[in-house]
2 protein chains.
Amino acid sequence: MTSLPSLLGDLDPTSDRAVFRQIADQLREAIDRGRFKEGEKLPSEAELVEHYGVSRMTVRNSFSILQGEGLVAAEHGKGVFVRPRPPVRRLASDRFARRHREQGKSAFIVEADAAGSHPQVDSLEVKEEKATQDISTRLGSVRRVLARRRRYLLDGRPVEFATSYLPLDIARGTQIAEPNPGPGGIYARLEELGHHLDHFEEEIRARMPSPSEVKTLRLASGVPVIHLIRTAFDTEGRPVEVCDTVMAADAYVLSYQLPAT
Amino acid sequence: MTSLPSLLGDLDPTSDRAVFRQIADQLREAIDRGRFKEGEKLPSEAELVEHYGVSRMTVRNSFSILQGEGLVAAEHGKGVFVRPRPPVRRLASDRFARRHREQGKSAFIVEADAAGSHPQVDSLEVKEEKATQDISTRLGSVRRVLARRRRYLLDGRPVEFATSYLPLDIARGTQIAEPNPGPGGIYARLEELGHHLDHFEEEIRARMPSPSEVKTLRLASGVPVIHLIRTAFDTEGRPVEVCDTVMAADAYVLSYQLPAT
DNA sequence: CAGGCATACTCGTATAGACGAGTGGGCAAG
DNA sequence: CTTGCCCACTCGTCTATACGAGTATGCCTG
């Protein structure tokens, strides 16, 4: 065990590239080439210290680069491991089509079942509250809204956190204000209430998570979030719902179909 | 200058939260509350060492957390600054509509001009090459493809890097294989060649950038990329182009309209 | 054989010090 | 006044050391 297998090369002392970057480069390349496979343990800090003849902080700096890239994850007491690329969940753009709604189950549950995963919905909160500036603008200057918060899990792993906002004059006193909105979800209820849906607008951003998002989604470091804001419009052009969704980016691929007209 | 303005509190020695995290928390909160504004300089490492009575590495650890979150950026010799949230570029889902194409200018140029920014296209490369497994699959098992690579800049800042892949039997010898594809871009040429476009499929992922992406997009640390793969289908259902796009996530909001049918 | 403990190995946190390198301002020489 | 140098301040990199805490293993004891 004195010398690491020839998986890793030597440092170039003449290079102006910082040592900890050189080490990170070599590890990254070894991972990319499959020398270290998904879930596999990297050499320990001590082994790399020995192999490269550098101090421990330097090795740790290298690891922290790779963590920032989402390539590896450290586990206290065990080692540093190559992060598995988790199976991703595809969100098709037609998931809110009326025909799906008519089957009664929510899009999330249906899709997860189809993929053979165990879906779960969590931390449901339904309450009236003051609209933020942004939500108010999107809903057309409403002051207070009904907020429906929930977290989605797949095989026990939280992957998505979503909040729906609805104007009180639409939602108050209806089943939409109940924890369980009934078959087909709130879109089905909206249509029953005479708010026939015309189209959705979706805005997509990606960014690094806030600490609270890291917590609720149990995100590894180096995993961004996809922030999706969907507004539902009825046939009169009125916005009837805004849904604010934060997704673990390593769990999702969004998919859209656009006409070429 | 002996004591920092009361912008920052004290450490809680009884807390089990690591000191460098407590410091990061305080700085983050101060930034969120606007105590430090966009572009403003944070206290220097030395000042924080003094204020909190910790070692320099501990302060640097705190900064590295905030950098990982994309909240701050260090500038060598100057200080650590609150990252400005750059103005974002919206990509509408109808940007490839035929009516836009008929005006002759590319979507990027038109949109940027409209937003009052100075657009630029860069590092153009057009060549035939072997298709990767993924591209080959998407294009329907083609072996070799025409690849068109280009980088887009906005007011001098690179924001997007894109590669279009086309089957050789469609593109070879046409103006599509020229550096300048002519007015309306390659979609206009495809239609002229009889490949009438029917629809597009877009796949969206978000992830941390690779080192080479950091370089070509000049990304600050803590900025994810949006990875968009668009496939264009003609009216016969044949995929005629795959466009692989990597965007700086802090420069873009994607926007889609979906029918509620 | 089963349970529990000791131990070695892992990463996490923190200190202290050293030198390098980029930036900007002030001062001195021309 | 202008030029150029020096210096103070900034972050970047690296070393060496120490202790804490989580994990796994194997041995020892009952």
Q: Between D/dT15 atom P and A/Arg56 atom CZ, what is the distance in whole Å?
A: 14 Å
Q: Give a yes/no answer on whether the side chain of B/Ser55 brings an N or O atom under 4.0 Å of OP1 or OP2 in C/dA16.
A: no
Q: In whole angstrom, what separates B/Arg60's CZ from C/dA14's C1'?
A: 15 Å
Q: Between B/Asp250 and A/Arg205, is there a salt bridge with N-O shorter than 4.0 Å?
A: no
Q: Rounded to whole Å, how long is the line connecting atom CG of A/Leu42 with atom P of C/dT10?
A: 13 Å
Q: Have a look at A/Phe20 and say if it touches a base, only the backbone sugar-phosphate, or nothing, with a 4.0 Å heavy-atom cut-off.
A: sugar-phosphate
Q: When the distance from CZ of A/Arg17 to P of C/dG20 is rounded to whole Å, what number comes out?
A: 21 Å
Q: Answer yes or no: side-chain N or O of A/Arg21 and base N or O of D/dG12 forming a donor-acceptor pair under 3.5 Å.
A: no
Q: Considering only NZ, NE, NH1 and NH2 on the basic side and carboxylate oxygens on the acidic side, decide whether A/Glu45 and A/Arg60 come within less than 4.0 Å.
A: yes
Q: Measure from CZ on B/Phe81 to C1' on D/dC9 and round the result to the nearest Å.
A: 12 Å
Q: Would you indicate, yes or no, if D/dT15 has its OP1 or OP2 atom less than 4.0 angstrom from a side-chain nitrogen or oxygen of A/Thr58?
A: yes
Q: So, are B/Glu213 and B/Arg218 salt-bridged, with charged N and O less than 4.0 Å apart?
A: no
Q: In whole Å, I'd like the distance from the CG atom of A/Leu48 to the P atom of C/dC11.
A: 9 Å
Q: Can you measure B/Asp16 atom CG to C/dT13 atom P for me and round it to whole angstrom units?
A: 11 Å
Q: Could you check which of C/dC11, C/dG17, D/dG12 has an atom nearest any side-chain atom of B/Met57?
A: C/dG17
Q: Look at the side chain of B/His76 and decide which nucleotide, out of C/dT15, D/dT10, D/dA21, has an atom nearest to it.
A: D/dT10
Q: Could you tell me whether B/Glu69 and B/Arg28 have a side-chain N and a carboxylate O separated by less than 4.0 Å?
A: yes
Q: Pick the nucleotide of DNA chain D nearest each of A/Gly53 and A/Lys78; which residue has the one closer to the 5' end?
A: A/Gly53
Q: Could you check whether atom NZ of A/Lys41 has more than 12 heavy atoms from other residues, nucleotides or ligands sitting under 6.0 Å from it?
A: yes
Q: Please report, rounded to the nearest Å, how far the P atom of C/dG24 is from the NZ atom of B/Lys41.
A: 12 Å
